[in-house]
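Written out below as structure tokens is the structure these notes cover.
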Number of protein chains: 2
Amino acid sequence: MSLTKVAPRSRAKAKEGYHHGDLETALLVHAKKLISQNGVENLSLRQVAAKVGVSPSAAYHHFPDKDALLRAAAKSAFEDMAEFQVASQQNFKGTSALAARKRFRALGISYVGFAQTNPHLFRLSFGPYCGGDEMARGESRPWQLLVASLDQLMAAGEIHPKIRPHAEVLVWSAIHGAATLILDELLPEAALESILDAIEISLKSSGKVGNK
Amino acid sequence: MSLTKVAPRSRAKAKEGYHHGDLETALLVHAKKLISQNGVENLSLRQVAAKVGVSPSAAYHHFPDKDALLRAAAKSAFEDMAEFQVASQQNFKGTSALAARKRFRALGISYVGFAQTNPHLFRLSFGPYCGGDEMARGESRPWQLLVASLDQLMAAGEIHPKIRPHAEVLVWSAIHGAATLILDELLPEAALESILDAIEISLKSSGKVGNK
DNA sequence: GAGGGTATCTGAACAATATTCAGATTATGG
DNA sequence: CCATAATCTGAATATTGTTCAGATACCCTC
């Protein structure tokens, strides 16, 4: 299932011959490539097989059906986003509160940036083909990145202790919602900055509001 | 395009005979019914036509292609959600700050509640078949409901004037993100309450946080 | 290093699908 | 009342997911 899996006999690069070498990852790579161009709803197994240069039925020796391939592609795309996010944070180092806040914002901006750069892959990662159990909360890279960033923000005194336990869900919800609504053209791209501001405010405040 | 469109010769109820009477809405209704059962990705035009009791090609006299039917269904489902939300607010009347806040929370809870009750329809409303221009921000019912609720909250003194302009995008993003992440089982259902609390805090505070 | 077993790939087949089109049927307007 | 337009049918086509028998290459054992 791993993308870096080594083919038997280490022939991962053999593109000629009856046996492909590493069809599983080749199918995944080309599936993602085609999806990022045309969207999941317009992807066919036969297209992927043709791109890889293999018979349509060959795929069934590596994935039980099309849905399994799509689920694997969704999981892979999810990790692509994590890489994209990691790269965006390299520019802001240090332990100061300002650096922590800049990294935090970069994390959110890169989340939405990935969605805008690869809309079809972003939509693939969530929705019907979302891994569910496998990439459950706590296990996924994006979630770990978020936890780490919030820990740094907390250490820098930018989060009120009382709401720290609820910080992850709030931030992820707001950023994810912004990303999808911007993709659907229901919100303008500029909305992201307002949302990030509001999140920072909410994180810093005490966590109690008027009587219910 | 309207759901309540009256058929020519007012024969909307005629189910017998060569002509159907109001095929367009019948297709929409049954499409939504099938989608809510099996999801968009498992819907076929022929299924819908069969349910309605009509030939597959008949649909092409009312929708240019399958995508057009799905887009119309998405738009219709979006308005279904608005109805669901309106119903949820009937229990909390009055102009007090407490009533306004209860209505506000009911609006968010019903948004997520609709997503959980009709996951397939909720996913249909957004994503690839989202109306885009037609149901652009400002025009859609859910957006209008949100604006109205925030106006009431503002009048009750529960929103700081400085962040009132950014309130809609923040709230919609956070609630929409929560709904989709809960659907994907990436967040627990209980996260919604934390998010609503955090939103209320953010709305009431002044809108400025430490130096950048 | 030779041979058998196994994993992998092909090619043909099948049912279901979206879409088109000629023709049949009904409604509508003059 | 009749002609024209709107609506529906039925058949046809190309593409799809999936299965399966058979061909091919790899790997392990002897």
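Naming: A, B, ... by sequence-line order, numbering from 1 per chain.
A:Glu189 meets the side chain to side chain contact (heavy atoms under 4.5 Å, CB included) test with A:Gln116; sequence neighbours excluded. For B:Phe84, the ring-ring contact (aromatic ring centres under 6.0 Å, His included) criterion is met by B:Phe114, not counting sequence neighbours. Here B:Gln144 pairs with B:Arg141 under the side chain to side chain contact (heavy atoms under 4.5 Å, CB included) rule; sequence neighbours left out.
Per the geometry, CD belonging to A:Glu24 stands 15 Å off P belonging to C:dA7, to the nearest Å. Summarising the geometry, the separation between CG on B:Leu70 and C1' on C:dA18 is reported as 12 Å, rounded to the nearest angstrom. Atom CD in A:Glu41 sits about 16 Å away from atom C1' in D:dT16, given to the nearest Å. The NE2-C1' distance, from A:His61 to D:dA25, rounds to 13 Å in whole Å. Atom CG in A:Asp22 sits about 15 Å away from atom C1' in D:dC26, given to the nearest Å. When rounded to the nearest whole Å, the span between CZ of A:Phe63 and C1' of D:dT18 equals 16 Å.
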Protein-nucleic acid N or O pairs under 3.5 Å, nucleotides 14-17 of chain C:
{"from": "C:dT17", "atom 1": "OP1", "to": "B:Ser44", "atom 2": "OG", "distance (Å)": "3.3"}

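Considering only heavy atoms from C-beta on, B:Lys32 comes within 4.5 Å of B:Asp80 through its side chain.
In this structure, the nucleotide among D:dT18, C:dT19, D:dC20 sitting nearest to the side chain of A:Asp65 is D:dT18. The side chain of A:Val54 sits closest to C:dC9 out of C:dC9, D:dT18, D:dG10. The listed nucleotides are D:dT18, C:dG11, C:dT8; the one nearest the side chain of A:Tyr60 is D:dT18. Checked against D:dT18, C:dC9, D:dC8, the side chain of A:Leu23 finds its nearest nucleotide in C:dC9. Distance from the side chain of A:His62 is smallest for C:dC9 among the nucleotides C:dT19, C:dC9, C:dG11.
Place B:Gly53 and A:Pro64 on DNA chain D by their nearest nucleotides, and B:Gly53 ends up nearer the 5' end. In this structure, A:Ser55 and B:Ser57 both approach DNA chain C, and ranking their closest nucleotides by distance from the 5' end singles out A:Ser55.
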Tabulate below the donor-acceptor pairs under 3.5 Å that side-chain atoms of residues 42-56 of chain A make, not counting sequence neighbours, or state none.
{"from": "A:Ser44", "atom 1": "OG", "to": "A:Gln47", "atom 2": "N", "distance (Å)": "3.1"}
{"from": "A:Gln47", "atom 1": "NE2", "to": "A:Asn42", "atom 2": "O", "distance (Å)": "3.4"}
{"from": "A:Ser55", "atom 1": "OG", "to": "A:Ser57", "atom 2": "N", "distance (Å)": "3.3"}
{"from": "A:Ser55", "atom 1": "OG", "to": "A:Ser57", "atom 2": "OG", "distance (Å)": "3.0"}

Could you list the donor-acceptor pairs under 3.5 angstrom formed by side chains in residues 173-180 of chain B, with sequence neighbours left out?
{"from": "B:Ser173", "atom 1": "OG", "to": "B:Val169", "atom 2": "O", "distance (Å)": "2.8"}
{"from": "B:His176", "atom 1": "ND1", "to": "B:Tyr111", "atom 2": "OH", "distance (Å)": "2.7"}
{"from": "B:His176", "atom 1": "NE2", "to": "A:Thr180", "atom 2": "OG1", "distance (Å)": "3.3"}
{"from": "B:Thr180", "atom 1": "OG1", "to": "A:His176", "atom 2": "NE2", "distance (Å)": "3.3"}
{"from": "B:Thr180", "atom 1": "OG1", "to": "B:His176", "atom 2": "O", "distance (Å)": "3.4"}
{"from": "B:Thr180", "atom 1": "OG1", "to": "B:Gly177", "atom 2": "O", "distance (Å)": "3.1"}

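Between A:Asp151 and A:Arg164 there is a salt bridge, since a side-chain N of the basic residue sits under 4.0 Å from a carboxylate O of the acidic one.
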